[in-house]
Every structure is written in C-alpha cells, then in structure tokens.
Amino acid sequence: MLLGVSNIFRIKSLSLTRLLSVALLVVVLVSLSPIPSQAQQPAPVAPATTSPAATPTAGGVAGSATSAFGAQTQQGGLNIAVLDPAHGGTDPGARGTGGIRESEIVLDFAVQVRRALELQGFQVVQTRQGNENPSFDDRSATANAQRGAVFVTLHISSTGLPGTARVYVNSDLSPVANASGLIPWDRAQAPFLGLSKAFGDLVQGFLSQRFKGSPDTAQSASVRQLRTTAAPAIAVEVSSVTVEDRADLDRMAPGVAEAIARGAAAFRPSYVVAHSPGALP
Ligand SMILES: [Zn+2]
C-alpha cells in the first residue's frame, strides 16, 4: 500500500505543517557529491550494520570488480542500499482477509533483499529492523545521510494481480532550488527523478521476467516516502495481501530480492555523480 500526497494531507497534516514551519532544507550540493572515504554512518534511527557480510570486500563493489553484467564498477561509486520495510508499529499497512499484515511481510522480504544486495557487494542500511514505525521523515533522513546510495521501499499491495510486482518512482516534482542551490526537504527527490527512473526500469525489467503479468517499466506515482529522499529511489510493491495463504507471498520473496539486487548492480554504471544539481539528468 503506497501513500500518496493526498493521503498524507489527510493523515499526516500535522507532520506537513511542521515541515513547512521548520522549512528544513537539503543542501543539494552536498547530497550530490558522494565522498566515499567519508561515507557517513546511518542516522541514529537506523541501527548500525553489524553483519560482516555487509562490508564491501575485495571482489565486491569496492575496487574494480566486474559485475555480473560485465560493467566495470568504480571505486567510490554506488555502494550502499537503504532498504525500507514500509509501515510497522501501529501501522500494519494493507491487511488481508487471512490475517496477513503488510508490515510483517515486508520485514520478511527485507531479510532476503538484504542478503541478495550484500551478495552484489552493497552495504545495506535498513530503516527499521523490527516492528517499529519510523516516520516518513526519519526514513528519508536515514537515506539522506548516506553517500553513494540507492533507496528501496518495500510494500505489499491490497490490489493487483496476485503474483505480480510493480516498481514506482515519484511523479514529477518541480525543483524549486534557490540561488544558493538549496531545495526544500519535501522536494529532495526532484534532482534524482531521472536516475530513479533508470534504476526503477532495471528492477522492473527483472521483475517482469520472473513474475509474468508484471509491467515492463517502472510507473510514476505520488509516493510520499520517495518525495523527501535525496537518492535514486524506488518503491517496490508486490501483489497482494489478498492471497489466502501467505506462503504464496513468501514464495515470491527470493525472486523479488534477486530482481532488486540485480537491478541495483546493473544501475551502478548509470550512477553518475554530478557536482551541481543542474548537471543531473
Ligand atoms: Zn504499503
């Protein structure tokens, strides 16, 4: 279940009001200039990565290893994936008649997605590890604290053909940067829309190979979580909580994980670091 802008105005009006009043700004120049040797640790809301496998090693992304797709990866490029199991805590997300809760399924999916990403050499940072419910802004803050990262938010829908999966990228946002290159927090995604679409199309391509009936390319939608994220960012939505047996969803997890990881690996050569917002696609 994806929350769009209209939902947010209804559900999270307090949060938006706070956002507007605080007028929190994102320094685009900093966001767009990954400095690998200074890659930041996750924000306090995200537990630090402890798995040894999460650290890129020789043969991983670091150095000049060749990916499964033959593309030369570059040192200091894309090496972090921020994984967001959506909902959680008091927000169960979509609920099926069989008692299936989106918030629980996405956490299980995240375990497999994480493993698949780590096998591709990514360091994975999760926005939640258990049944917590960080705010949209907390989750974006986790992503925005990274350098050289992609962001993936995981959802299970209540609609759509069971057994299919869709990738969404944020619909167009007007970048309202001022003369000093600052853009508002709630437009943080704007400079990354082109990269998000490229990343999303790659993941969707792998998903459509695995799950027949899925779209061929990523779709655009107003997704609240993506809007405040200053990184190539996608939402992956799996159908659906309406299955009678959750095993039907569990069986999809390895394929979804592989598609996301292969898509992220294939996206690496497209991850071009620019030194000014205007230079981005
Ligand atoms: Zn959802």
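Order of appearance sets the numbers: ligands from 1, and atoms from 1 within every ligand.
Among the atoms of S157, no N, O or S atom is found under 2.8 Å from the Zn ion (ligand 1).
Here the Zn ion (ligand 1) is the vertex; the NE2 atom in H87 and the ND1 atom in H155 give an angle of 110° (to 10°).
Counting heavy-atom neighbours within 6.0 Å of D245 CG, excluding the residue itself, gives a total above 12. Counted within 6.0 Å of CD on E244, heavy atoms from surrounding residues, nucleotides or ligands total 12 or fewer; the atom is thus considered open.
What you find for R101 and P92 is that their closest heavy atoms are NH1-CB, 3.7 Å.
The atom of E102 nearest to the Zn ion (ligand 1) is OE2, with the search restricted to N, O or S atoms.
No side-chain donor-acceptor contact under 3.5 Å links R210 and S214.
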